[in-house]
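Right, one structure below, let's go through it.
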Amino acid sequence: MSIQTEITPHMRGVLVNWLIEVHFKYDLMPETLYLTVTLLDQYLSQVTVKRSDMQLVGLTALLLASKYEDFWHPRVKDLISISAETYTRDQMLGMEKLILRKLKFRLNAPTPYVFMVRFIKAAQSNMKLEHMAFFLI
Amino acid sequence: MGINKLEDLKWHEHDIAIPKLSTNQAEFLFRFYRDLERVRIDTLSCFGNVISCIQRFSNERVAVKILPIPQDQIINGIPSSILNHASILKDLDHPNIVRLLQVVATEEDVYLVFENVNLNLERYITNPMLSIDTLERSVLRQALSGLAYLHSHNIVHADIDPFSILFKYTLEEPPVVKLCGIRAPKTSTSQGHPSYKAPELLMGSTNYSTAIDIWSMGCMFAHIIKRRPLFNAIEEHRVLAEIFCLLGTPTEETWPGVSSICKFIQAFNPPIQPKDLAEEFPTLEPVGLDLLSKMLCLCPNSRISAYEALDHPYLRH
C-alpha cells in the first residue's frame with residue numbers, strides 16, 4: 001500500500017466488505033470472491049489509484065474473477081447499476097484492459113481458499129470447524 | 001514477401017495469401033510490428049490465422065494470432081473463453097512449449113503474440129534437406145517432456161497432430177521441438193486430425209484423459225520412423241478400422257470396459273489378431289518397438305504415461 005497517496009488500508013477494507021455483498025447478491029462461487037480480492041490487491045500494489053476510481057477497480061476485479069473462475073458472470077450493465085451509475089461502460093471496459101495489462105494477463109493466482117479446502121479435507125473436519133476456517137481467511 | 005506500408009496491405013487484400021485484416025487490426029499491427037507476412041492458414045486445427053511479424057524495436061520475429069471478440073459480446077468486454085485461454089497459456093513456461101510472449105487487448109480483438117517457430121512436423125519430415133535420422137529420439141524426448149509438463153499442470157492437449165508439433169530450426173543448432181495449439185480446458189472438444197486420434201475417442205468416448213495425448217504422440221513417433229502417417233484415412237471410422245487391422249481388436253480382457261464404450265466390439269468374434277510391429281517397422285530397434293507398443297496401447301488405462309515414457313530405456317540414453 002506504500003505507493004498509494006489517496007487511499008488507505010481502511011478504505012480497502014470497506015471496499016472488500018462491499019464486494020462481498022455484491023458477490024453474495026449474484027450468488028457467485030467462493031473461489032471467485034478470493035480471486036477478486038487477490039486481483040484487487042495485486043493491482044493496488046502496482047498502480048496508484050485515485051479515491052474516486054477505487055470502486056471501479058473493485059468491480060472490474062470482480063468481473064474478471066467471475067469471467068475466469070465462474071460458470072457465469074454478471075453483465076457489465078448490472079455492475080454499473082449496482083455502483084449507482086457512478087461509472088460508464090467505457091470506463092469499466094477500459095479498466096478491464098488496464099488491469100489485464102498490469103497483471104500481464106495472468107489470472108490464475110493461487111488464493112487462500114484452494115489451500116483451505118485442501119487442509120479441511122485433510123483434517124477430516126466437521127461443519128463447525130469448516131465455517132470457522134473460512135471465516136478466518 | 002514482406003509488406004511495409006498500410007497501402008501495400010490494402011492492395012494485398014485481394015491476394016488470398018494474406019488473411020483479411022480490418023483497418024483497425026492493420027493499424028494496430030503496424031504500430032508495433034513491421035514486415036507483416038502470412039505464416040499459414042492451411043493448418044487444420046491449432047494456429048489458424050497467424051501473421052508473422054518483425055518486432056520494431058527488438059527486430060525479433062514473432063507470430064501474432066488475432067482472436068476477434070464476437071460482436072454480441074463486445075458490451076461485456078473480453079469473453080471469458082479468451083481470458084481463460086490467454087491466462088493459462090501465459091502461465092506455461094517450458095522450452096518445448098510455444099511461448100506466449102504478450103497479450104494485447106483492444107476494443108474489438110485480442111492479440112496473442114507467440115514466439116516464432118519455423119516448421120511443423122509435416123513439413124519437417126517431407127523436407128529432404130533436413131535429415132532426422134539421428135534425431136528421432138531427441139524429437140520424441142522433447143515432445144514428451146513438453147507433454148509431461150502440460151499433464152503436470154492438469155492440461156490435456158487433445159489436439160496433437162502433425163500441425164501442432166513445431167520445430168525451431170537453425171543451421172547451427174539441433175532443432176527444438178515446440179508444442180502449440182493448447183486450448184483452455186473448459187472448451188476442450190477434440191477437433192484434431194483424425195489420423196492421430198485415440199481409439200477411445202474414435203469409438204465415441206467423451207472422456208478426455210491424458211492418455212489420448214500419449215496415443216497421438218505414439219502416432220507422431222511412428223510417423224517420424226515411417227516418414228509417412230501410420231494411419232492414413234480421413235474419415236474417423238476408417239481410421240478405427242486401420243487401427244484394428246494393425247493392433248487387433250480389443251476384448252474385455254485386454255481393455256476392461258470396452259464394450260460399454262463401444263457396443264459393436266463384441267461382433268468381432270473371434271477378435272482380430274494384432275500384427276507384429278517389428279515387421280511394420282523394420283528399421284526400429286527392439287527397445288524402440290517396446291516403447292511404441294506401450295504408447296499405442298489400445299486400452300487408455302494401460303497406456304504408458306508421459307513421465308514413464310521419458311524414463312523408458314529407449315529415451316534414457
Side-chain angles (χ1 to χ4, degrees), chain A residues 22 26 28-29 31-32 34-36 38-39 42-43 56-83 85 87-111 114 117-118, chain B residues 24-25 28 31-32 62 64-94 97-115 149-150 152-156 182-188:
Chain A
V22 177
Y26 283 113
L28 299 166
M29 301 198 312
E31 286 90 338
T32 308
Y34 288 91
L35 185 62
T36 305
T38 308
L39 297 180
Q42 281 186 12
Y43 185 76
L56 177 65
V57 177
L59 278 176
T60 314
L62 182 73
L63 176 69
L64 282 171
S66 54
K67 276 184 186 177
Y68 181 76
E69 193 76 65
D70 235 292
F71 300 106
W72 176 87
H73 66 83
R75 289 178 301 174
V76 172
K77 199 170 96 187
D78 300 336
L79 288 177
I80 291 169
S81 76
I82 226 168
S83 72
E85 312 284 339
Y87 310 105
T88 64
R89 177 190 304 281
D90 286 349
Q91 275 178 306
M92 184 164 284
L93 296 186
M95 181 54 74
E96 180 183 42
K97 289 180 181 77
L98 196 63
I99 295 181
L100 286 172
R101 204 169 74 213
K102 285 292 167 197
L103 302 186
K104 300 194 165 56
F105 267 83
R106 301 181 65 156
L107 300 187
N108 34 351
T111 62
V114 289
V117 168
R118 183 69 193 97
Chain B
N24 284 347
Q25 289 174 339
F28 174 84
R31 213 161 353 122
F32 300 99
V62 293
V64 181
K65 180 173 185 175
I66 305 178
L67 302 175
I69 300 174
Q71 276 302 320
D72 56 330
Q73 289 177 39
I74 279 187
I75 52 162
N76 283 316
I78 299 166
S80 52
S81 55
I82 295 183
L83 215 53
N84 263 308
H85 184 67
S87 60
I88 286 165
L89 285 181
K90 197 81 213 283
D91 260 15
L92 299 177
D93 180 14
H94 189 276
I97 290 172
V98 171
R99 285 280 296 279
L100 177 60
L101 303 171
Q102 205 187 356
V103 190
V104 189
T106 65
E107 302 283 304
E108 292 143 11
D109 305 283
V110 177
Y111 298 78
L112 303 181
V113 184
F114 291 95
E115 66 176 326
Y149 178 81
L150 283 184
S152 74
H153 280 67
N154 281 332
I155 296 172
V156 177
I182 300 144
R183 286 170 302 125
K186 281 185 192 170
T187 61
S188 271

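Only a predicted model underlies this, so the values are computations on that prediction, with no experimental measurement involved. Worth knowing before you read on, the calculation uses all heavy atoms, side chains too, and leaves out hydrogens, waters and symmetry mates. Order of the sequence lines sets the chain letters (A, B, ...), proteins ahead of strands, with each chain counted from 1.
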Task: Interatomic distance, A:K104 atom NZ to B:L100 atom CG [nearest 0.5 angstrom] - done: 13.0 Å
TODO: Calculate, to the nearest 0.5 Å, the distance between atoms CD and NZ belonging to B:E107 and A:K97 respectively.
DONE: 5.0 Å
Looking only at heavy atoms, what is the nearest atom pair of [X] and [Y], with distance?
{"X": "A:R106", "Y": "B:K90", "result": "CG-CG, 3.5 Å"}
{"X": "B:I88", "Y": "A:N108", "result": "CA-ND2, 4.3 Å"}
{"X": "B:S80", "Y": "A:K67", "result": "CB-O, 2.9 Å"}
{"X": "A:F105", "Y": "B:S87", "result": "O-CB, 2.8 Å"}
{"X": "B:N76", "Y": "A:H73", "result": "CB-CE1, 4.1 Å"}
{"X": "A:R89", "Y": "B:I75", "result": "NH1-O, 2.6 Å"}

Task: Any side-chain heavy-atom pair of A:L64 and B:L83 under 4.5 Å - done: yes
Task: Whether over 12 other heavy atoms sit under 6.0 Å from A:E85 CD - done: yes
Open item on the list: Given heavy-atom pairs under 4.5 angstrom as the criterion, report whether the side chain, backbone, both or neither of A:L107 touches chain B.
Closed with: both
Task: Segment of A:L103 engaging chain B (4.5 angstrom heavy-atom cut-off) - done: neither
TODO: Against chain A, label B:I78 side chain, backbone, both or neither, depending on which of its atoms sit under 4.5 Å from a heavy atom there.
DONE: both
